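Contents: one structure, followed by commentary.
Owing to the predicted nature of the structure, the values given are computational and were not obtained by experimental measurement. Per chain, numbering begins at 1; letters A, B, ... match sequence-line order. Computed over heavy atoms, backbone and side chain alike; hydrogens, waters and symmetry mates excluded.
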Amino acid sequence: MAVVVFQSLSIQCCLQTQQQHKTEIHQQRRPLNLQISSSSKSGELSTTHKVFDEIPHSVDTFAWNTLIQTHLGNGAHDHVISIYRTMLLRGVHPDKHTLPRVLTASRLSGSFFCGKQIHGHTLKLGFGSDQYVVTALMEMYGRHDGAAAARRLFDQSSRKNSVSWTLMAGLYIIEDKPNLAIETFHQMLKLGAENVDAVALSTVLSACGRLKSLQEGKKVHEIARKRELEFDVLVSNSLLKMYLDCGSIKDARLVFDRMHSKDVISWTAILSGYVKNGGFNEGLKLFRLMNSEGIKPDSFSVSSVLPACARISARKHGREIHAYTLRNGVDSNIAVQNAQIDMYMKSGCSESASKIFVRMREKDTISWTIMILGYSLHGQGRLGVELFQKMMNMRVRIDDTVYVAVLCACNTARMVEEGKSYFKFIRAPKIEHYSLMVSLLGRAGHFDEARSFIDEHQIEWHKEVQRALLAGCRIHRNTKMAKRVIERLTELEPLNAENYLLLSNMYAANAKWDVVKNLRELIRDMDLRPKKAYTWIEIRNKVHVFGVGDVSHPRSERIYYELQSLMKKMKEGEGYIPDRDFGFHDVDEERECIPIGHSEMLAISFGLISTQVGTTLRITKNLRVCHNCHSSAKMISKIVGREIILKDPDRFHHFKDGICSCEDFW
DNA sequence: TTAGGGTTAG
């Protein structure tokens, strides 16, 4: 931070000095200007500075301004201040071009004190009402003291233009007051409609997005259309983002498809929009299309598409994109590296993720969070807790999401006391933190404590909390409490079919068929659509999908034969007895079906007959795996001597040598 | 010679 004291310098003295050297300036200005301009354009700062050192005292302000501009453009803000000081010391008079630049430099270097001194200079020199000076001052005070401070300067200024109006609107957005930003834009329209330009439209569109107001956004879209600015790339990209922020991917796509020219930002915005809204395959498709149209992806586009690979466990695509980042030099970007770690973790390759994490030159809070969550996902909660301890020791910034991650890790590792102590550190816990604490206590079987915790924090009427409690009931087969929880869930989410199915399955387990019949009728009458269970397995670049009792696969006969033979081995060699209790299961159809017809069993069997001995099988299920399949998968891993990695919505199960990484707590 | 703006990761 530059702390420069100018008060000792006399502006009056500078004025006199300049008068004295007026003749010399005229004689020497031209050759010096040329020298500075050519060096500045080449961006060679050291050369520029050498030239600057050679400038005689009599040189005019233009050369100094050019030098200042070069350093400002290169982000050398402190240096700009030093040059300004030298300029004053040499008696050169700052002008209306110098002052906004040094004000900007002092704002960007965080030297508000210095900025205030320069404000004094602008008044003494009579540039207080220059438009560029006013906007620089507005931005400085606005960012430091808030929008109200900028507003005072703005209201006092006699000549307002599109830049000052837009700046004012932008400051309101920073303060999360999008309504005021939109109001400012409309005031500008009313008072000086000819001023509206692409940047003004872009700013107000961002405010509409923040407000999630499709109505306001469409009004601005109409204004852009009328002023023929709709297809300006900045405006189009802002419209795209506004529609995405307002949740209308359809309108965003319409803007994208109609754009005359698309840049890397347009492509990144739309593909990121799809990925964030669950359109993982469409996101990947757009990424490929972008490449084929000759738009080179940058760190932003790569970080936007990698979560799609993570979510659909598309290791192959993820690896290809990873290779692309290495070839194109974007792999050292921290956001890209974080997205890569997340992708590898979520597609089952925790080792590849760890390698990147270890090699990272710089790690931020997000990098650590991804690793802690990743370890929890793979049943290595203890490693996650250790990482959190390390992170604290290294004084890395801890935020709410890191606490979510470490509480997840404590859950996985069943480290109740550690979880309790970390929870105490959270200043303002959110419902996610409370739910994780309830889950931690419930999974450990501490139901009385979980109840007291819920009462103490008055969080009973949150579906997340009830679901967390249900997880504990499942593990400990606490049917009595589970019934109460599910009944509460049906009150909280009357349109969620899953809750009625859980209830129905619990009554079925107790042979209360009349209640089961009533619940099924209720589901039908309310026209609720329960989820169906599916499992995917990728064999030689082709994805095979299996439903419950599926016989549609061309190798179906062989798949069932393999399963029958495995079942025989499990019964004879491992003493396996299928569990008929589906009381805690989320789908109805699987209870009706014999366990070997469950989708994950079919996928495992197909994987075994389609790959070489010893190959690891990787499968993904859209719903939670049932107890029978979990036990079967453990035994199969031992019988066939293979690792089976099964991903369900909450975690990875690594079945190996007859045991699972989740230690049967899922 | 100068200002205000649009895309990323947990």
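- In terms of polar N and O atoms assigned as donor or acceptor, the side chain of Asn333(A) never comes within less than 3.5 Å of the base of dA9(B) in a complementary pairing.
- At dG4(B), one or more side-chain N or O atoms of Arg107(A) fall inside 4.0 Å of OP1 or OP2 (strictly under the cut-off).
- When the C1' atom of dA3(B) is taken as reference, atom CD of Glu139(A) falls 8 Å away, rounded to whole Å.
- For DNA chain B, the residues of residues 363-372 of chain A within the heavy-atom distance limit of 4.0 Å (strictly under) are Asp364(A), Thr365(A), Ile366(A), Thr369(A), Ile370(A), sorted by number.
- In this structure, Lys241(A) does not reach the dG5(B) phosphate: none of its side-chain N or O atoms is under 4.0 Å from OP1 or OP2.
- Put simply, the side chain of Ser162(A) and the base of dG4(B) share a donor and an acceptor less than 3.5 Å apart.
- Within the structure, every pair that satisfies the side chain to side chain donor-acceptor pair (under 3.5 Å) test and touches residues 333-343 of chain A, not counting sequence neighbours, is listed here: Ser299(A)-Asn333(A), Thr325(A)-Gln340(A), Asn338(A)-Asp364(A), Asn338(A)-Ser367(A), Asp342(A)-Lys346(A).
- Listed by first then second residue, pairs satisfying salt bridge (charged side-chain N to carboxylate O under 4.0 Å, His left out) with a partner in residues 246-261 of chain A read Lys218(A)-Asp251(A), Glu230(A)-Arg258(A), Arg253(A)-Asp257(A), Arg253(A)-Glu282(A), not counting sequence neighbours.
- Between the base of dA9(B) and the side chain of Ser303(A) there is no donor-acceptor pair shorter than 3.5 Å.
- In the set dA9(B), dT1(B), dG4(B), the nucleotide with an atom closest to the side chain of Asn338(A) is dA9(B).
- For the ring-ring contact (aromatic ring centres under 6.0 Å, His included) test, no residue two or more places apart in sequence or in another chain qualifies with Phe300(A).
- Of the residues in residues 174-186 of chain A, none has a non-hydrogen atom less than 4.0 angstrom from any atom of DNA chain B.
- Applying the side chain to side chain donor-acceptor pair (under 3.5 Å) rule to Asp263(A) yields the partners Asn237(A), Ser266(A); only residues at least two apart in sequence or on another chain are considered.
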